[in-house]
Amino acid sequence: MQFFFEVLIGGLLAGVMYSLVALGFVLIYKASGVFNFAQGAMVFFAALTFVGLQEKTGLPFWIVLALTLAVMILLGVLTERIVLRPLVNQPQITLFMATIGLSFLLEGLSQLIWGSDVRRLDLGLQDEPIQVVMDRFGILISKFDLAAAAVAGVLVGVLAVFFNKTRIGRALRAVADDHQAALAVGIPLQQIWSIVWSVAGFVALVAGLLWGARNGVQFALTFVALKALPVLILGGFESILGAIVGGLIIGAAEKLAEVYLGPLVGGGIEGWFAYMLALLFLLVRPEGLFGEKRIDRV
Amino acid sequence: MFYREAGQFKTSYAADQQLFPIRQDRIAMLALLVLAVAVVPLIASNYVLTAILLPFLVFALAALGLNILTGYAGQLSLGTAAFMAVGAVAAYNFQLRIPGMPVLGSFVLGGLTAALVGIGFGLPSLRIKGFYLAVATLAAQFFIPWLLVKVSWFSNNSSSGVISAQPVVILGFAFDSPVRKYLLVLAIVALMALAAKNLVRSSIGRAWMAVRDMDVAAEVIGIRIMRTKLIAFAVSSFYCGVAGALYASVYLGSVEADGFNLDLSFRILFMVIIGGVGSILGSFLGAAFITLMPIALDRLLPWAAELLNLNLPAGVTSMVQLVVFGALIILFLIVEPHGLARLWQIGKEKLRLWPFPY
Amino acid sequence: MTPAGIPPAAADTFPRLLLHHAQVRGGRTAIREKDLGIWLSWSWQQVADEVRATACGLAALGFKRGMTLAIIGDNRPRLYWSMMAAQALGGIPVPLYQDAVAGEMKFVLENAGIVFAVVEDQEQADKLLEVRSHCPLLQHIVFDNGRGMRNYTAAGVLAFDQLMARGREFDAAHPGFFAAEVAAGKVGDTSVMLYTSGTTGSPKGVCHTHGSLIAAASGDIAFDGFTADDEILSYLPMAWVGDHVFSYTQALVAGFCVNCPESSETVMTDLREIGPTYYFAPPRVFENLLTQVMIRMEDAAPFKRRVFHHFMAVAKRCGGAIMDGRAGSVAFGDRVQYALGNLLVYGPLLNVLGMSRIRVAYTGGAAIGPDLFEFYRSLGINLKQLYGQTETAAYVCKHPNGQVKLDTVGKPLPGVQIRIAANGEVQVLTPSMMKEYYQRPDATAESISPDGWFLTGDAGYFDADGHIKIIDRAKDVGRLTDGTLFAPAYIENKLKFFPQIKEAVAFGHDRDTCTAFINIDLDSVGNWAERRGIAYAGYTDLAQKEAVYEVIRDCVEQVNRDLAADPKLGNSQVRRFLILHKELDADDGELTRTRKVRRGFIAERYAQLVDALYSIASHCEIEAQVKFEDGRTGTIRADVRICDVAARTGVPMGRAA
Amino acid sequence: MLSVDNISLAFGGVKALTDISFDVREHEIRAIIGPNGAGKSSMLNCINGVYSPQRGTIRIGTETFRQMDPNKAARMGIARTFQNIALFKGMSVLDNLMTGRNLKMNCGLLAQALYLGPNRREEIEHREKVEHIIDFLQIESVRKTPVARLPYGIQKRVELGRALAAEPRLLLLDEPMAGMNIEEKQDMCRFILDVNDEFGTTIVLIEHDMGVVMDISDRVVVLDYGKKIGDGTPDDVRNNQAVIDAYLGVAH
């Protein structure tokens, strides 16, 4: 039984990591109605920039962090300027494909600038279990996971408040519903989108650091985005809460399946299991856990 | 400028609805066919045949399949490679397990199997729309290759999961040399393209476009949305299946389920976007573009490097290729969302109206 | 394929010609009509059968020899067949203008004693039903397109299909009847009655015989070598002699194929689809076409515009010469450029207009500006001028191939003699002369001289090469107080050549100077104004703009330069002009149905303005009655500016822009 | 031909229609009028199944339905046009009309792929029928232009053409003359009368323009705030006090 809990908590903590990335997707979708496939590439780009700067400059952690954040904000503004502004009123499918193009661009660019070899990323957090929990319950919970979960939790809280309460948050939601209507009301669309993409860049940076620290900064990081997709399906594209809950469910389910279901079928199921789960869920509720039901007005 | 349409009038609906109503288009198409069938095999070197033309044709077929689903029926799919994998493995197994099965027959059966799988993964499209559907097809993209590799029966329990495909022998005539392979694939692709063009301009094609443009209106005039979408999935997967079978047996020579990964799906999606969403010609233009682009880059980059005398480390070309791909996608979506096909169409329109602007 | 040649002498009436073609080339396509998106075609044999059924149908209804049959509608195969059917029974088809209002038709119905009428659709049928109370003779109205007429119960209204069904019954019941009727036809019978719109007095019915029309048609065919392979598009009003000669008599004699467009809006697209080899159009059509081409080219991309204007200049330099076969006189460099131009500009331009297959193109019915004439010839269209009236079946003068002079109407045709009377009037003796004006012996006597010559009413003279040069209507030709010849139409045509000017009316008879009213072309000047950011509310507002007056003044000055160089008309230069505040319109009676200016009526109606022209006033207040499209009348008040133009001395012939 | 019995429709709390009953006779032009938001379009959408009413039944011919679905309605010969044009933007006028005929085409998939033989014959046969409609609506000159490029008035006509292409028994027109000038309105009225007269189609028409309604409709239903306040010939509706109040806005 104990082993079950350990796997469950491990799964939940991994789930937090997923929801962190999913958050980036939700943020941009909620604000600009764009399903940003390049979020994964942004995570990889952020991590690589951070590590690259750390090596090159040798500056302390916090300064490098600030520098990387600046780079990410610049990236956010540039993306809005070059890619999104000309495509303002295009259908969602076109914007979606543009982000696929963006993800390829970012992947190529980051490796061009910083080279493509795998690098260690040390966050000062060790990946060993926490003694006290280990003794009492005998469950192996790595300090790293806990810390990561804490950071993610804080970040999510901040964003939830930001979205629902502040003036900019309301403007973001208006823009998501209808670009033209928002423009008509006088909301500075371009400015709003730059902010949103910068914040998404920040989230990507945090996710990049955490993921990078866990399994090294390398090209595989871009596949993180593919992990986050099922989370979005479960939680619904528009809701932050959905992203969190979805992430936890997927994380836990995946770990449990890997441990229990995997051997029966010959292992390696973590690739598609999350998707099948999400797919089944979709058949029941096509717009996800918290998504609003879309009424087709004729 | 070259069009002389004066005097070309139609005396019957059949004439008016034919594939190429304008004589100059018919001449151009005929010339193209003669060039492809007679001239190319003579002058093209083996390298050109195997490295450029074969993949171009196979990818064009797959892009055609995806275009039917995404371009005409409006259902976004990211799982093209998975359906190609099904086609390839099914064709291999049909040939292996049923003695005396003709190669072409196995291709068709491979396609049909892919169509069945396609319908399976198409079912969710009835309830869900847009992005959610893209994710459902992504599920197929991850699940199917894993399944084909895992279940060893498919790969005739070869350890590495890589099986050498059977030689292609039809009616005793071995299609082994590059020229013969090229002609075989050309014949298949041309026929299927013609079939696709016919489908698109008859009633099922209009039903697809109706569902794509406004499914509420389509339903009201009596189009069965579910049936139309499933047919789109089936036909599209059939095309991808056959493309997969050709890709494995004729082009690569080996059937390897892992080879049909997400990256291949994206490449085919790019072909459809850049080539032109919703146009048969667009699939071919897109396939040509995406196949030729890397080769052109390989030649161009070293030359450019010398020019700017930077020393480029080895692995760079593939990186630059990624960047260029991404940039092109964005460029096309901004400049001409309907891709090369629309540019081709505008060019043709200008020629017909020359020297007038409208 | 039998050589085109003239059919045997026995086939000397139109019905017999029809049967001859049905026999000789029964399978070939005789006529096509674009309907429901595709071109439906009928072979000569099918046409013969349809005409037979129609004729017997008419006979079944009581149509007798010598009766008249009214024909009203767009160019439709069935209306042409009705003509042949009437002629087969020895009757006289009387085509009317389809855009005439019911009132105008009433006069013709009474004058020609119409009992039977074949109409195209509900629109025409309603007109006839409207005036039926005034024409007791009118018994039977047969309609072709029955849309909207399902529950018409008026007596004698019959569908064309019913007519043919009764015809087939009648034919079965009287087997020899049709052949006998056709055989009974004589060369001297009246084959058609065309009402001249006539600038003065009420219309007169011109009666032509089979003989006169076939003589004219045979002459035309021999002159230009038409064969059964030729294709024409018939889009002109059937009541106009131009269409009758072009798409009926010549078609029946040469046996070439007539194509009827789908509707009046789609004429240009149908012209492009058919690509006719023989084309005829009044100057107004060529003028509109030129304006359209210029406006579209103005909107083209700069590069395309430069290429276009460059090669047009080349064409202006040497196109005409090459067209006339005098290529030798053209510099080698120009010939290469012209060939290149053909590939890049002229070929595609003609192809888009649908004129690339034209072997021979004629214009006539009104004078055409020399530069407009030269524009089309330089593009490679073998455009030639023909001269003739309804009374002479338009068979008087034509430009022979290769001898085209820009300001003449060509040489007398074979079998035609021309003499110039004392007062400068052109008189003609031609086999294609009409028999008489229907029931108007007085009018007939007036226009045919005792020794059988036809008095054309046009003033003109022979030039050095034996070409006839028409300057104006004889009665309009006047003299300035100092005696110089004043030909208003000649001046007006020079003005009308400019795309900016749509219509012009010149005054000068018994005056010491010459002045003019000008109508600007709203499309062309409007487009020009938009390009320069000049805002305007409508025609009246645009017409009074200062900048517009400037542009028109340039045109008038150029015309003056041309006139100055002409020995006979040197002094009749336009000294003062004004731009009319409204467009001259046929509905207001200012133009005839074929858009010819009715000078007398206009002079009388705008006497106030004419006087102002001859005073020193620079403005004139005017109020005019206007009839709007839906029948309501209203008045337009405007303050019309008058502008002076400097006279030109004898400067050598300057080229108009 | 069609009878609607105490239909009620609500979206959550919003009561769009309450207890509406009226009938439509064969070959009749039945108008539904009422101020904006009276529930006219919702009524039409219930008849052809786009919305499903909570209470009441719809009887078409002999069959009675509680819930109608658009596909079944189409197959039973009910066609309609939409208030804001629902044409297929990606297609030309001709293709839009041909799509209207898809119920009548039943060539198999393989036959369509080969195109020759049966499919070609079927395409040509249906093309001819569509050409009659094009001729009827006088839109020959725009036959091959993409629909998106056409002016508003012509698009309305094309949508009417698409509905006619299905040769319906019952035609539901949702404000066919909205946003048209006088001339276009006269043309559209003539088309509607011709359709009713030539093809014998029963027409249910929603329209604001009183002049048009009074001229061409045989009987009129008046809705206001989702309730039926008037039913009968144009004349007795015109001097029905409740209707006048509804339009002149007497306080409720």
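No experiment lies behind these values; they were computed from the predicted model shown. Below, read A as the first sequence line, B as the second, and so on, with proteins coming before strands; counting in each chain starts at 1. Heavy-atom basis, side chains included; hydrogens, waters and symmetry copies ignored.
- Only the side chain of D:Asn48 comes within contact range of chain B, with at least one heavy atom under 4.5 Å from a heavy atom of that chain.
- For chain D, no part of B:Val200 is nearby; none of its heavy atoms comes within less than 4.5 Å.
- A distance of 4.5 Å separates OG in B:Ser203 from CD in D:Gln112, rounded to the nearest 0.5 Å.
- Using a 4.5 Å cut-off between heavy atoms, D:Leu94 does not touch chain B at all.
- Note that CE of B:Met209 and CE of D:Met91 are 5.5 Å apart. Values are rounded to the nearest 0.5 Å.
- In this structure, B:Ser202 and D:Tyr115 approach most closely via the heavy-atom pair CB-CE1, 4.2 Å.
- Interface remark: D:Asn119 contributes side-chain atoms only to the contact with chain B (heavy atom separation under 4.5 Å).
- Under the ring pair (Phe, Tyr, Trp, His ring centres under 6.0 Å) criterion, D:Phe136 pairs with D:Phe199, not counting sequence neighbours.
- Comment: B:Asp16 engages D:Lys144 in a salt bridge, judged by a side-chain N to carboxylate O separation of less than 4.0 angstrom.
- Scanning both residues, D:Asn71 and B:Glu219, for their nearest heavy atoms gives ND2-CG, 3.5 Å.
- For B:Arg212, the part sitting under 4.5 Å from any heavy atom of chain D is the side chain, from C-beta outward, and nothing else.
- B:Gly222 approaches D:Asn102 most closely through the heavy-atom pair O-OD1, 3.9 Å.
- Taking a 6.0 Å sphere around CZ of B:Arg26, one finds it holds more than 12 heavy atoms contributed by other residues, nucleotides or ligands.
- Within the 4.5 angstrom heavy-atom criterion, only side-chain atoms of D:Arg162, from C-beta onward, approach chain B.
- For B:Leu191, no part lies near chain D; criterion is any non-hydrogen pair under 4.5 Å.
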Can you check side chain to side chain contact (heavy atoms under 4.5 Å, CB included) on B:Asp213 and D:Leu87, steps first, answer last? CA-CA 8 Å; B:Asp213 286 348; D:Leu87 286 174; over 6 Å; no
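- For D:Lys129, the NZ atom is densely surrounded, since the number of other residues' heavy atoms within 6.0 Å is greater than 12.
- Only the side chain of D:Met105 comes within contact range of chain B, judged by heavy atoms closer than 4.5 Å.
- How far CZ of B:Arg206 is from CZ of D:Phe88: 11.5 Å, rounded to the nearest 0.5 Å.
- Enclosure of atom NZ in D:Lys89 by more than 12 non-hydrogen atoms of other residues, nucleotides or ligands within 6.0 angstrom is indicated.
- Interface check for chain B: of the options D:Glu131, D:Arg121, D:Lys72, D:Arg101, the most heavy-atom pairs under 4.5 Å are formed by D:Glu131.
- Atom-to-atom distance recorded for B:Ile221:CD1 and D:Leu103:CG is 8.0 Å, nearest 0.5 angstrom.
- How far CG of B:Asn198 is from CG of D:Leu110: 11.0 Å, rounded to the nearest 0.5 Å.
- The 12-atom threshold is exceeded at NZ of B:Lys10, counting heavy atoms of other residues, nucleotides or ligands nearer than 6.0 Å.
- Within residues 58-72 of chain B, no residue has any heavy atom less than 4.5 Å from a heavy atom of chain D.
- If you measure heavy-atom distances from D:Glu128 to chain B, the contacts under 4.5 Å come from both the backbone and the side chain.
- Considering only heavy atoms from C-beta on, B:Arg224 comes within 4.5 Å of D:Arg75 through its side chain.
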